Amino acid sequence: MNFPGTSGSSVAGMTGFGGLGSGTNPGMNEQEQAMVKMMQKAMESCPFKTVLSGTMGFGLGGIFGLFMASMSYDSSFTPQGKAIADLPWRQQVRTGFKDMGARSWSSAKNFGIVGALYSGTECCVEGLRAKNDLTNSVVSGCITGGILGAKAGPQAAAFGCAGFAAFSAAIDAYMRMPESE
(Lines give C-alpha, C1' and ligand atoms only; values in the text may rest on other atoms or scores of the structure.)
Protein backbone atom coordinates (compact mmCIF):
# COMPACT_ATOMS: atom_id res chain seq x y z
CA MET A 1 0.00 0.00 0.00
CA ASN A 2 1.44 3.37 -0.96
CA PHE A 3 0.94 6.45 1.14
CA PRO A 4 1.60 10.00 -0.06
CA GLY A 5 5.25 10.85 0.36
CA THR A 6 6.40 7.22 0.36
CA SER A 7 7.98 5.18 -2.36
CA GLY A 8 6.03 1.99 -1.66
CA SER A 9 9.07 -0.19 -2.31
CA SER A 10 11.07 -1.80 0.43
CA VAL A 11 14.41 -0.04 0.37
CA ALA A 12 17.07 -0.80 2.98
CA GLY A 13 16.11 1.01 6.17
CA MET A 14 12.53 1.65 5.06
CA THR A 15 10.14 -0.74 6.75
CA GLY A 16 6.66 -0.56 8.18
CA PHE A 17 3.74 1.11 6.48
CA GLY A 18 4.93 1.69 2.92
CA GLY A 19 8.29 2.94 4.10
CA LEU A 20 7.21 4.99 7.11
CA GLY A 21 9.36 4.58 10.16
CA SER A 22 13.11 4.30 10.08
CA GLY A 23 15.43 5.58 7.40
CA THR A 24 14.84 8.51 5.14
CA ASN A 25 11.44 9.19 3.65
CA PRO A 26 11.16 11.26 0.50
CA GLY A 27 8.94 14.27 1.04
CA MET A 28 9.38 14.29 4.83
CA ASN A 29 11.66 16.64 6.68
CA GLU A 30 13.52 15.61 9.84
CA GLN A 31 10.84 16.99 12.15
CA GLU A 32 8.11 14.97 10.40
CA GLN A 33 10.26 11.83 10.55
CA ALA A 34 10.84 12.38 14.27
CA MET A 35 7.09 12.83 14.78
CA VAL A 36 6.35 9.58 12.91
CA LYS A 37 8.90 7.70 15.05
CA MET A 38 7.46 9.17 18.25
CA MET A 39 3.92 8.19 17.24
CA GLN A 40 5.04 4.64 16.39
CA LYS A 41 6.77 4.29 19.77
CA ALA A 42 3.67 5.55 21.57
CA MET A 43 1.42 3.13 19.67
CA GLU A 44 3.69 0.20 20.51
CA SER A 45 3.80 1.01 24.24
CA CYS A 46 2.02 -1.18 26.77
CA PRO A 47 -0.05 1.66 28.29
CA PHE A 48 -1.37 2.65 24.85
CA LYS A 49 -2.22 -0.95 23.95
CA THR A 50 -3.93 -1.45 27.32
CA VAL A 51 -6.05 1.71 27.02
CA LEU A 52 -6.92 0.97 23.39
CA SER A 53 -7.97 -2.61 24.18
CA GLY A 54 -9.99 -1.49 27.19
CA THR A 55 -11.74 1.18 25.13
CA MET A 56 -12.46 -1.19 22.26
CA GLY A 57 -13.66 -3.85 24.69
CA PHE A 58 -15.90 -1.30 26.39
CA GLY A 59 -17.45 -0.34 23.05
CA LEU A 60 -17.90 -3.92 21.89
CA GLY A 61 -19.30 -4.93 25.26
CA GLY A 62 -21.80 -2.08 25.15
CA ILE A 63 -23.03 -3.12 21.72
CA PHE A 64 -23.15 -6.78 22.76
CA GLY A 65 -25.00 -5.94 25.98
CA LEU A 66 -27.49 -3.78 24.13
CA PHE A 67 -28.14 -6.55 21.62
CA MET A 68 -28.55 -9.22 24.29
CA ALA A 69 -30.83 -7.00 26.38
CA SER A 70 -33.00 -6.25 23.36
CA MET A 71 -33.38 -9.97 22.69
CA SER A 72 -34.34 -10.69 26.28
CA TYR A 73 -37.94 -10.28 27.27
CA ASP A 74 -40.07 -11.22 30.19
CA SER A 75 -42.99 -13.49 29.52
CA SER A 76 -46.34 -12.45 30.86
CA PHE A 77 -46.38 -15.81 32.66
CA THR A 78 -43.60 -14.76 35.05
CA PRO A 79 -44.31 -12.50 38.04
CA GLN A 80 -41.97 -9.80 36.74
CA GLY A 81 -43.43 -10.05 33.21
CA LYS A 82 -46.97 -9.86 34.60
CA ALA A 83 -46.07 -6.74 36.61
CA ILE A 84 -44.56 -5.07 33.53
CA ALA A 85 -47.49 -6.03 31.32
CA ASP A 86 -49.89 -4.32 33.75
CA LEU A 87 -48.05 -0.97 33.42
CA PRO A 88 -49.08 1.70 30.93
CA TRP A 89 -47.35 1.48 27.52
CA ARG A 90 -45.03 4.46 28.13
CA GLN A 91 -43.93 3.03 31.46
CA GLN A 92 -43.27 -0.36 29.81
CA VAL A 93 -41.05 1.31 27.19
CA ARG A 94 -39.25 3.40 29.84
CA THR A 95 -38.63 0.29 31.97
CA GLY A 96 -37.39 -1.64 28.94
CA PHE A 97 -34.94 1.08 27.90
CA LYS A 98 -33.71 1.50 31.47
CA ASP A 99 -33.06 -2.25 31.69
CA MET A 100 -31.31 -2.25 28.30
CA GLY A 101 -29.08 0.62 29.41
CA ALA A 102 -28.16 -1.08 32.68
CA ARG A 103 -27.33 -4.37 30.95
CA SER A 104 -25.37 -2.61 28.23
CA TRP A 105 -23.34 -0.63 30.79
CA SER A 106 -22.59 -3.76 32.82
CA SER A 107 -21.48 -5.71 29.76
CA ALA A 108 -19.38 -2.77 28.52
CA LYS A 109 -17.54 -2.53 31.85
CA ASN A 110 -16.84 -6.27 31.95
CA PHE A 111 -15.57 -6.43 28.36
CA GLY A 112 -13.44 -3.32 28.91
CA ILE A 113 -11.84 -4.76 32.05
CA VAL A 114 -11.10 -8.11 30.39
CA GLY A 115 -9.72 -6.45 27.24
CA ALA A 116 -7.46 -4.07 29.15
CA LEU A 117 -6.29 -6.73 31.60
CA TYR A 118 -5.45 -9.29 28.92
CA SER A 119 -3.81 -6.83 26.55
CA GLY A 120 -1.72 -5.22 29.27
CA THR A 121 -0.65 -8.58 30.62
CA GLU A 122 0.26 -9.89 27.18
CA CYS A 123 2.27 -6.77 26.38
CA CYS A 124 4.21 -7.04 29.66
CA VAL A 125 4.86 -10.77 29.17
CA GLU A 126 6.03 -10.12 25.61
CA GLY A 127 8.33 -7.37 26.84
CA LEU A 128 9.79 -9.57 29.58
CA ARG A 129 10.34 -12.56 27.29
CA ALA A 130 11.43 -10.46 24.27
CA LYS A 131 9.56 -12.89 22.02
CA ASN A 132 6.25 -12.89 20.19
CA ASP A 133 4.95 -16.45 20.27
CA LEU A 134 2.09 -18.63 21.45
CA THR A 135 3.54 -18.91 24.96
CA ASN A 136 2.80 -15.23 25.58
CA SER A 137 -0.90 -15.80 24.92
CA VAL A 138 -1.05 -18.86 27.17
CA VAL A 139 0.75 -17.15 30.07
CA SER A 140 -1.30 -13.95 29.66
CA GLY A 141 -4.53 -15.92 29.47
CA CYS A 142 -3.64 -17.84 32.62
CA ILE A 143 -2.79 -14.65 34.52
CA THR A 144 -5.94 -12.88 33.31
CA GLY A 145 -8.22 -15.85 34.07
CA GLY A 146 -6.63 -16.26 37.49
CA ILE A 147 -7.15 -12.61 38.35
CA LEU A 148 -10.76 -12.65 37.15
CA GLY A 149 -11.54 -15.80 39.17
CA ALA A 150 -9.59 -14.84 42.29
CA LYS A 151 -12.58 -13.30 44.11
CA ALA A 152 -14.39 -16.65 44.04
CA GLY A 153 -11.48 -18.52 45.63
CA PRO A 154 -8.42 -20.51 44.65
CA GLN A 155 -10.30 -23.24 42.80
CA ALA A 156 -12.12 -20.69 40.65
CA ALA A 157 -8.84 -18.89 40.00
CA ALA A 158 -7.25 -22.17 38.86
CA PHE A 159 -10.18 -22.96 36.56
CA GLY A 160 -10.16 -19.39 35.26
CA CYS A 161 -6.44 -19.68 34.58
CA ALA A 162 -6.81 -22.97 32.71
CA GLY A 163 -9.91 -21.90 30.77
CA PHE A 164 -8.65 -18.50 29.71
CA ALA A 165 -5.22 -19.94 28.80
CA ALA A 166 -6.83 -22.61 26.61
CA PHE A 167 -9.11 -20.05 24.96
CA SER A 168 -6.21 -17.66 24.37
CA ALA A 169 -4.06 -20.43 22.93
CA ALA A 170 -6.83 -21.54 20.57
CA ILE A 171 -7.49 -18.02 19.32
CA ASP A 172 -3.80 -17.16 18.93
CA ALA A 173 -3.06 -20.48 17.17
CA TYR A 174 -5.91 -19.79 14.76
CA MET A 175 -4.70 -16.24 14.12
CA ARG A 176 -1.14 -17.49 13.45
CA MET A 177 -2.26 -20.09 10.89
CA PRO A 178 -0.84 -19.40 7.44
CA GLU A 179 -3.33 -18.07 4.93
CA SER A 180 -4.26 -20.43 2.13
CA GLU A 181 -4.83 -18.82 -1.22
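Keep in mind that this is a model prediction, so the values were computed, not measured.
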Check for me, please, whether Phe167 and Tyr118 land in the same ILVMFWY cluster - side-chain distances under 4.5 Å, paths through other members count.
no
Roughly how far apart are Leu134 CG and Arg176 CZ, rounded to 0.5 Å?
6.5 Å
According to salt bridge (charged side-chain N to carboxylate O under 4.0 Å, His left out), who are the partners of Arg129, at least two apart in sequence or on a separate chain?
Asp133
Roughly how far, to the nearest 0.5 Å, is CG of Leu52 from OG of Ser45?
10.5 Å
Would you say the side-chain atoms of Thr95 pair up with the backbone N or O of Gln91, donor to acceptor, closer than 3.5 Å?
yes
Measure the CD1-CZ distance between Ile171 and Phe164 for me, rounded to the nearest 0.5 Å.
10.0 Å
Do Val93 and Arg90 make a side-chain contact, defined as non-hydrogen atoms from C-beta onward lying under 4.5 Å apart?
no
Should Gln31 and Met35 be marked as a side chain to side chain contact (heavy atoms under 4.5 Å, CB included) after you check the CA-CA gap, both sets of side-chain angles, and the distance that decides it?
CA-CA 6 Å; Gln31 184 179 7; Met35 183 63 86; 5.8 Å; no
Show the nearest heavy-atom pair for residues Met28 and Gln33, with the distance to one decimal.
O-NE2, 3.4 Å
Following the transitive rule for hydrophobic clusters with a side-chain heavy-atom cut-off under 4.5 Å over Ile, Leu, Val, Met, Phe, Trp and Tyr, establish whether Val114 and Val125 coincide in one cluster.
yes
For Gly61, does its backbone N or O pair with a side-chain atom of Ser107 as donor and acceptor, under 3.5 Å?
yes
For Met100 and Ser70, which heavy atoms make the closest approach, and how far apart are they?
CE-CB, 3.9 Å
Please give me the minimum heavy-atom distance between Gly62 and Ser104, naming the atom from each residue.
O-OG, 2.8 Å
Test of ring centre spacing under 6.0 Å for Phe64 and Phe111
yes
Whether Asn132 side chain and Glu126 backbone form a donor-acceptor pair below 3.5 Å
no
Does the side chain of Ser137 come under 3.5 Å of the side chain of Ser168 through a donor N or O and an acceptor N or O?
no
Do any N or O atoms from the side chain of Thr144 and from the backbone of Ser140 form a donor-acceptor pair under 3.5 angstrom?
yes
Should the heavy atoms of other residues, nucleotides or ligands under 6.0 Å from CZ of Phe48 be counted, would the total exceed 12?
yes
Do the side chains of Met43 and Met56 join up, straight or via other hydrophobic residues, at under 4.5 Å, putting them in one cluster?
yes
I'd like to know if the two cysteines, Cys123 and Cys46, have SG atoms within less than 2.5 Å.
yes
Which atoms form the tightest heavy-atom contact between Thr50 and Gly120, and what is the distance?
OG1-CA, 3.1 Å
Out of curiosity, Arg103 CZ to Phe67 CZ, how far, rounded to the nearest 0.5 Å?
13.0 Å
Could you grab the distance from atom CD1 of Ile143 to atom SG of Cys124, nearest 0.5 Å is fine?
9.0 Å
If Ile, Leu, Val, Met, Phe, Trp and Tyr residues are connected whenever their side-chain heavy atoms lie under 4.5 Å apart, and connections chain through other members, are Leu117 and Phe58 in the same group?
no
